[in-house]
Amino acid sequence: MLLTITTTRRPATDLGYLLGKNPARLQSFDLSFGRAHVFYPEADDARCTAALALEVDPVGLVRRPKGDDFALAEYTNDRPYVASSFLCVAIGRVFGAALGGRSRERQELADAALPLVAELSALPARGGERLLRGLFEPLGYAVEVERIALADDLPEWGPSAYYSLRLRGELRLSALLRHLTVLIPVLDDDKHYWVGDDEVDKLLDRGAGWLDEHPLREVIVQRYLRHQRSLTRAALERLSEGEVADADALDEAQRRPEEALEARISLDEARRIAVIDALHRVGARAVVDVGCGEGKLLRALLRDRAFAKIAGMDVSHRALERARDRLHLDDASDATRRRVGLFQGSITYRDDRLRGFDAACAVEVIEHLEPERLGALESCLFGHARPHTVIVTTPNREHNVRFPGLAGGGLRHGDHRFEWTREEFARWAREVGERQGYAPVLSGIGEDDPEVGPPTQMAIFTLGEEAGR
């Protein structure tokens with residue numbers, strides 16, 4: 001299967017910078033189901049074309065779990081030859097930075113609308129030309145479609161179910177790649193891998209800014225999620241409520257009681273924004289998220305090129321697996337996988353893997369520890385790991401009376417061992433700072449109620465010069 005992308009914006013060879021692939025040489029990449037090759041059939045100042053050719057291993061297809069009722073499906077199928085979810089995974093793996101809208105050397109170009117032409121040599125379209133046009137034309141493309149004959153020398157056999165497609169438009173390269181990785185599986189109405197909750201996150205991420213207003217969004221969502229009713233319903237609800245920008249917050253709110261309480265004020269997102277803003281202010285480049293859970297903060301850090309080294313630690317192996325899925329590390333480029341690390345561990349035990357970072361974040365973590373274990377956390381994080389900056393957030397217990405269901409008191413989550421008042425948190429932060437040589441600065445996150453304060457409290461600990469020596 002073959003995808004080509006062409007631009008005529010001078011110098012056209014800058015397309016190589018955007019894709020992160022040198023136009024002067026052929027590059028090949030091993031995938032779990034075959035190999036991908038990137039080459040440039042034309043590359044000069046006026047016009048440059050990048051080609052992604054995918055070789056799907058037919059033996060590997062036979063060894064994959066069977067999901068087709070056709071007895072000979074593993075021997076007679078179109079998967080090695082047509083654009084499908086295999087190609088979408090290859091795009092994510094080979095052109096991951098471009099898909100994310102990032103360019104190390106030409107970021108201003110990655111942010112700009114370019115004249116682009118994308119061509120797919122063979123594309124299944126279960127819905128025909130009408131569906132093809134209905135999916136791409138509302139996105140502003142000029143669409144050229146040609147139905148492929150079953151056999152050129154046997155016209156009596158008639159047309160096949162496959163099309164060649166050419167898309168022309170002026171848009172960001174990342175937008176083109178996101179449109180393709182969402183809509184190719186929609187046209188095929190199939191995927192080669194298991195579709196779970198993480199696919200909803202991926203759909204809303206790649207559909208941000210266009211899917212919620214697409215006239216065929218219900219068809220797109222249903223087909224992309226392989227007609228799974230619960231996933232389709234969840235995705236459409238999140239789209240209709242305008243939650244695309246913070247898809248994770250609503251997803252987690254449905255499963256975590258404290259976030260369900262806080263969803264009405266988007267506190268989950270507000271915490272991430274506040275933490276990342278603090279990291280920018282202290283100039284952190286290498287950041288570890290202790291108690292990272294399922295990776296929401298890590299995903300936000302990964303999207304920000306200011307952070308060159310990112311790591312997440314959690315005691316739960318299952319949470320780390322979900323974090324890996326949320327970060328799409330299996331499909332990520334080698335550079336991304338070198339930039340991000342995940343490891344299992346406990347913040348109450350000394351761990352050399354936590355050393356060497358500019359900053360450590362413990363976002364809504366300490367309240368899950370028994371109070372008598374806070375001394376161990378202090379020793380490990382502030383004493384042993386000893387980053388220049390430590391950021392801690394935790395609930396403000398005083399604010400709980402403002403949440404429906406907690407007006408009579410109580411904690412936000414059944415796993416919380418304690419929740420502190422503002423005075424209690426300030427005293428703990430001050431005492432830790434005095435013992436460990438850090439200067440804490442306290443602030444609130446969320447709407448600051450004049451009587452009970454903000455819903456979340458944050459402390460930013462900065463290592464003193466004398467203590468850091």
Side-chain angles (χ1 to χ4, degrees), residues 3-31 36-40 43-45 48-52 88-116 118 170-181 202 205-206 208-209 276-277 279-280 282-289 295 297-312 324 326-342 356-359:
L3 164 68
T4 63
I5 300 173
T6 301
T7 187
T8 53
R9 182 193 184 278
R10 292 175 179 266
T13 49
D14 277 355
L15 181 63
Y17 289 110
L18 294 182
L19 293 173
K21 303 294 177 286
N22 189 338
R25 61 189 180 93
L26 167 70
Q27 298 181 60
S28 298
F29 305 85
D30 289 323
L31 304 171
H37 308 280
V38 178
F39 59 95
Y40 291 75
D44 57 40
D45 187 69
C48 185
T49 297
L52 173 62
C88 298
V89 170
I91 290 172
R93 172 72 173 82
V94 177
F95 298 148
L99 179 63
R102 305 182 305 275
S103 175
R104 183 186 307 172
E105 296 169 319
R106 295 289 190 277
Q107 186 59 46
E108 74 287 351
L109 200 58
D111 295 334
L114 309 176
L116 296 172
E170 186 160 332
L171 71 166
R172 294 175 63 189
L173 177 60
S174 61
L176 169 64
L177 295 176
R178 288 177 180 230
H179 295 158
L180 291 174
T181 54
K202 188 192 297 184
D205 179 42
R206 295 183 180 178
I276 291 175
D277 182 61
L279 291 170
H280 280 296
V282 300
R285 294 273 294 162
V287 180
V288 60
D289 183 14
L297 176 60
L298 294 174
R299 188 167 78 166
L301 293 170
L302 183 59
R303 290 173 174 170
D304 193 325
R305 300 303 298 180
F307 304 110
K309 179 182 178 183
I310 303 162
R324 184 176 185 85
R326 174 164 280 135
L327 298 172
H328 307 304
L329 290 185
D330 290 336
D331 301 336
S333 66
D334 291 338
T336 295
R337 284 185 284 191
R338 286 193 297 268
R339 187 174 162 222
V340 183
L342 298 173
F357 290 91
D358 302 324

Enquirer: Do the non-hydrogen side-chain atoms of Leu298 and Leu342 ever get within less than 4.5 Å of each other?
Expert: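 They are in contact (side-chain heavy atoms under 4.5 Å apart), so the answer is yes.
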
Enquirer: To the nearest 0.5 Å, tell me how far Gln27 CD sits from Leu52 CG.
Expert: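 Rounded to the nearest 0.5 Å, the CD-CG separation comes to 11.5 Å.
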
Enquirer: Which pair of heavy atoms, one from Cys48 and one from Ala12, lies closest together, and at what distance?
Expert: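 Heavy atoms of Cys48 and Ala12 come nearest at CB-O, 3.2 Å.
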
Enquirer: So does Arg337 pair up with Asp334, basic N to acidic O under 4.0 Å?
Expert: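 Salt bridge present between Arg337 and Asp334.
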
Enquirer: Looking at every non-hydrogen atom in both residues, tell me the closest pair between Tyr40 and Ala50 and how far apart they are.
Expert: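 Tyr40 and Ala50 have their closest heavy atoms at CE2-CB, 3.5 Å.
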
Enquirer: Does Arg285 use its side chain to pair, donor to acceptor, with the backbone of Lys309 at less than 3.5 Å?
Expert: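 Flag not set: sc Arg285 to bb Lys309 has no pair under 3.5 Å.
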
Enquirer: Starting at NZ of Lys202, measure out to SG of Cys88 and round the result to the nearest 0.5 Å.
Expert: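 That separation rounds to 8.5 Å.
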
Enquirer: Hey, are the side chains of Leu19 and Val94 touching, using non-hydrogen atoms and a 4.5 Å cut-off?
Expert: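 SC-SC contact between Leu19 and Val94 ruled out.
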
Enquirer: Please list all pairs passing the side chain to side chain donor-acceptor pair (under 3.5 Å) test where one or both residues lie in residues 8-20, with sequence neighbours left out.
Expert: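 As it turns out, the side chain to side chain donor-acceptor pair (under 3.5 Å) pairs with a partner in residues 8-20, which skip direct neighbours, are Arg10-Asp45.
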
Enquirer: Compare every heavy atom of Leu31 with every heavy atom of Ala36, then report the nearest pair and how far apart it is.
Expert: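 Looking at all heavy atoms of both residues, the shortest contact is CB-CD1, 3.9 Å.
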
Enquirer: What distance separates Leu302 CG from Arg326 CZ, expressed to the nearest 0.5 Å?
Expert: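 CZ of Arg326 is found 13.0 Å from CG of Leu302.
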
Enquirer: Can you sort out the partners of Arg324 under salt bridge (Lys or Arg N to Asp or Glu O under 4.0 Å), two or more places apart, ordered by chain and number?
Expert: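 With sequence neighbours excluded, Arg324 shows a salt bridge (Lys or Arg N to Asp or Glu O under 4.0 Å) to Asp330, given in chain and number order.
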
Enquirer: Filter on salt bridge (Lys or Arg N to Asp or Glu O under 4.0 Å), then keep only pairs touching residues 18-28, sequence neighbours left out; what's left?
Expert: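 Of all non-adjacent pairs touching residues 18-28, none passes salt bridge (Lys or Arg N to Asp or Glu O under 4.0 Å).
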
Enquirer: Where is the tightest heavy-atom contact between Thr49 and Thr6, given as atom of each residue plus distance?
Expert: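 Shortest heavy-atom contact: OG1-OG1, 2.7 Å.
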
Enquirer: What distance do Leu15 atom CG and Leu173 atom CG have between them, rounded to the nearest 0.5 Å?
Expert: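 So the CG of Leu15 and the CG of Leu173 are separated by 6.5 Å.
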
Enquirer: Testing the basics here: between Leu26 and Phe39, what is the closest heavy-atom pair and its distance to 0.1 Å?
Expert: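 Taking every non-hydrogen atom into account, CD1-CB, 3.9 Å.
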
Enquirer: Are any non-hydrogen side-chain atoms of Thr7 and Leu18 less than 4.5 angstrom apart?
Expert: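 Not in contact.
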
Enquirer: So how far is it from Leu114 CG to Arg172 CZ, rounded to the nearest 0.5 Å?
Expert: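 Between Leu114 CG and Arg172 CZ, I get 9.5 Å after rounding to 0.5 Å.
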
Enquirer: Can you measure from CG (Leu116) to CD1 (Ile5) and round to the nearest 0.5 angstrom?
Expert: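 The distance works out to 7.5 Å.
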
Enquirer: Taking the side chain as every heavy atom from C-beta outward, state whether His328 and Leu99 have any pair of such atoms under 4.5 Å apart.
Expert: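 Not in contact.
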
Enquirer: Which atom pair, heavy atoms only, marks the closest approach of Thr4 to Ala51?
Expert: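 Closest approach of Thr4 to Ala51: CG2-CB, 3.9 Å.
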
Enquirer: Measure from the side-chain N and O atoms of Arg102 to the backbone N and O of Gln107, and report whether any donor-acceptor pair falls under 3.5 Å.
Expert: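 A pair under 3.5 Å: no.
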
Enquirer: Do the side chains of Leu279 and Asp304 get nearer than 4.5 Å, heavy atoms only?
Expert: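 No - every pair of side-chain heavy atoms lies 4.5 Å or more apart.
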
Enquirer: Applying side chain to side chain contact (heavy atoms under 4.5 Å, CB included), run through Leu297 and Ile276 and close with a yes or a no.
Expert: CA-CA 9 Å; Leu297 176 60; Ile276 291 175; 4.1 Å; yes

Enquirer: For the backbone of Asp205 and the side chain of Arg178, can you confirm whether one donor and one acceptor N or O come within less than 3.5 Å of each other?
Expert: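 At least one qualifying donor-acceptor pair exists.
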
